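Since the structure comes first, as structure tokens, the remarks are kept for the end.
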Amino acid sequence: MIKNQKVIIVTGANKGIGFALVDQLLTHPLNPKVILTARNQIYGENAKKKLIEKHPSQKEKLYFHQLDITDRKSIENFSKWLEENFGTFDILVNNAGVAYQSDLAYKAPTEEIVRVTMGTNFYGTVEVTEYLLPLLAKDGKIIMVSSDNGELHHQGREVQKFLSNPNLTREQLFAKAKELEELGIQNKHRNHGYCPAFYNNSKAFLNAYVRWILVKMLKDDQTCFTLNPGWCVTDLSGHQGYKTADEGTVSTLYLIGLDLKQSKEYNGKFFDEDGNVISF
Ligand code: NAP
């Protein structure tokens, strides 16, 4: 069992913002053990190799394990390995995400776009979080790399009202997500007040989950946050944006560095790309 150092897990870390985050964590003053995860074994191993070449002296702190957040078996295997090798973990950065360019351009979604976008950015992110929760340290943190596209102003009034209800239950949120998926497949979701883009919808649902559901599921001194990394040049953004992936880690690193008192003060909040609390 490896103890005494914080253990940080980053999902979708073979490239983009997740990779940049692992890179920066390897020289972070907290001196954490960092678990780079990727759904593709080869991509993940190559990313690890690249980082070890860059930081040879940090080799012992970097781990890789396969993790596809939409595959239950993969989540189970990862969790088993995590428990056997670390016992518990301190921080989960849910960074893995997808976006289709046509969806971001508000074109009518295909069934694949609806299923994969909701399946990854909402259902998969929730599933991996809840599956790993029993291993989260008593003062552990869950950090969601969400998006400003998930802000409520992208939604119609009724959807805004639904997602901002403090008494929203997990069952209600999931039932609404299912309904949204079915509407999306028929391209009828806009008529029901949803944003045309499923990327935006998936992140809005994720934010509501953090704000009203996850925050109530946590125990002891555990906390959770959601954030916008800013518009970064990565595959997901179609290589557009005003920031590099390295610059997209500011908010996440800020939240990782919060002490217990600050973490509890900001529990369940949404952060902008500079680490400021913003409204949903
Ligand atoms: P990226 O370069 O495309 O990286 C996305 C990562 O997620 C990749 O490693 C990808 O793996 C992984 N992934 C996708 N589906 C997965 C699954 N089912 N299981 C595990 N990993 C999976 O994108 P990025 O820009 O760095 O995005 C990182 C996060 O930032 C996303 O959540 C995104 O929504 C958010 N974000 C990005 C921007 C931006 O401007 N870039 C803005 C706001 C928010 P593969 O390589 O195998 O596809």
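In this text, all values refer to a predicted model and were calculated from it rather than measured experimentally. Every number for a ligand or one of its atoms is a count from 1 in the order of the listing.
Contacts between Ser146 and ligand 1 below 4.0 angstrom, taking non-hydrogen atoms only, involve the backbone exclusively. If you look at Asp68 next to ligand 1, the close heavy atoms, those under 4.0 Å, come from the backbone and the side chain alike. Under 4.0 Å from ligand 1, heavy atoms of Val145 appear from its side chain as well as its backbone. Only the backbone of Leu67 comes within contact range of ligand 1, with a heavy atom under 4.0 Å; no side-chain atom does. Contacts between Thr120 and ligand 1, counted as non-hydrogen atom pairs separated by less than 4.0 Å, involve the side chain only.
For ligand 1 and Trp231, the ligand atoms under 4.0 Å from any heavy atom of the residue are 40 (O). Every atom of ligand 1 with a heavy atom of Asn95 under 4.0 Å away is listed here by number and element: 28 (C), 29 (C), 31 (C), 32 (O). Near Ser237, the atoms of ligand 1 lying under 4.0 angstrom from a non-hydrogen atom of the residue are 40 (O), 41 (N). For ligand 1, the atoms closer than 4.0 angstrom to any heavy atom of Ser147 are 43 (C), 44 (C). Heavy-atom proximity to Gly230, at under 4.0 Å, picks out these atoms of ligand 1: 38 (C), 39 (C), 40 (O), 42 (C), 43 (C). Heavy-atom contacts of Gly16 reach the following atoms of ligand 1: 2 (O), 26 (O) (cutoff under 4.0 Å). Of all atoms in ligand 1, listed by their number and element, those nearer than 4.0 Å to a heavy atom of Ile69 are 17 (C), 18 (N), 19 (N), 20 (C).
Using a 4.0 angstrom heavy-atom cutoff, Pro229 counts as in contact with ligand 1.
Any N or O atom pair closer than 3.5 Å counts here, and Gly12 shares at least one such pair with ligand 1. For Val98, no nitrogen or oxygen atom sits less than 3.5 Å from a nitrogen or oxygen atom of ligand 1, counting backbone and side chain alike. The shortest N/O to N/O separation between Arg39 and ligand 1 falls below 3.5 Å. Among the atoms of Tyr43, none of the N or O lies under 3.5 angstrom from an N or O of ligand 1. The distance criterion of under 3.5 Å between nitrogen or oxygen atoms is met by Lys203 with respect to ligand 1. Here's the thing with Ile17: one of its N/O atoms is less than 3.5 angstrom from an N/O atom of ligand 1.
The closest protein non-hydrogen atom to atom 23 (O) of ligand 1 is Leu236 CB, 3.1 Å. Protein heavy atom nearest atom 39 (C) of ligand 1, with residue, atom name and distance: Cys232 N, 3.5 Å. Remark: minimum distance from atom 22 (C) of ligand 1 to any protein heavy atom is reached at Ala96 CB, 3.6 Å. Ranking the protein heavy atoms by distance from atom 5 (C) of ligand 1 puts Gly97 O, 3.6 Å first. Asn14 OD1, 2.7 Å is the protein heavy atom nearest to atom 9 (O) of ligand 1.
Few gaps surround NZ on Lys61; more than 12 heavy atoms of other groups in view lie less than 6.0 Å from it.
Taking the six-membered ring for Trp and thresholds of 30 and 60 degrees, Tyr266 and Phe271 have ring planes more than 60 degrees apart, a perpendicular arrangement.
Gln186 and Glu182 share no donor-acceptor pair across their side chains, judged by distance under 3.5 Å alone. Side-chain atoms of Tyr123 and Glu181 form a donor-acceptor pair, as typed in the model, at a separation below 3.5 Å. Between Gln155 and Asn201, the side chains place a donor N or O and an acceptor N or O closer than 3.5 Å (distance only, hydrogens not considered). Under the 3.5 Å distance criterion, with hydrogens and angles disregarded, a donor-acceptor pair is assigned to the side chains of Glu112 and Tyr100.
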Report the C-alpha separation of Lys141 and Ser263 in whole Å, then their side-chain angles, then the decisive distance to 0.1 Å, and conclude whether the side-chain contact (heavy atoms from CB on, under 4.5 Å) test is met. CA-CA 8 Å; Lys141 299 176 192 175; Ser263 295; 3.4 Å; yes
For Phe86 and Tyr63, run ring-ring contact (aromatic ring centres under 6.0 Å, His included): C-alpha distance rounded to whole Å, both residues' side-chain angles, the deciding distance at 0.1 Å, then the answer. CA-CA 11 Å; Phe86 299 88; Tyr63 301 79; 5.0 Å; yes
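Phe198 and His189 have their aromatic ring centers within a separation under 6.0 angstrom.
Salt bridge absent: Lys50 and Glu53 never bring a charged side-chain N and a carboxylate O closer than 4.0 Å.
Both tests hold for Arg170 against Phe174: distance to the six-membered ring centre under 6.0 Å, angle to the ring axis within 45°.
The heavy atom nearest to atom 36 (N) of ligand 1, considering only Phe19, Tyr242, Tyr199, is found in Tyr199. The residue from Thr11, Thr234, Asn149 that puts a heavy atom closest to atom 24 (P) of ligand 1 is Thr234.
Atom NE2 of His153 and atom OG of Ser279 lie 8.5 Å apart (nearest 0.5 Å).
The side chain to side chain donor-acceptor pair (under 3.5 Å) pairs that include a residue from residues 219-239 are Lys15-Asp235, Asn207-Thr226, Asp221-Lys264, Asp235-His239, where partners are two or more places apart or lie in different chains.
Side-chain atoms of Gln24 do not come within 3.5 Å of backbone N or O of Thr249 as any donor-acceptor pair.
With side-chain heavy atoms closer than 4.5 Å counting as contact, directly or through intermediates, Leu260 stands alone and belongs to no larger hydrophobic cluster.
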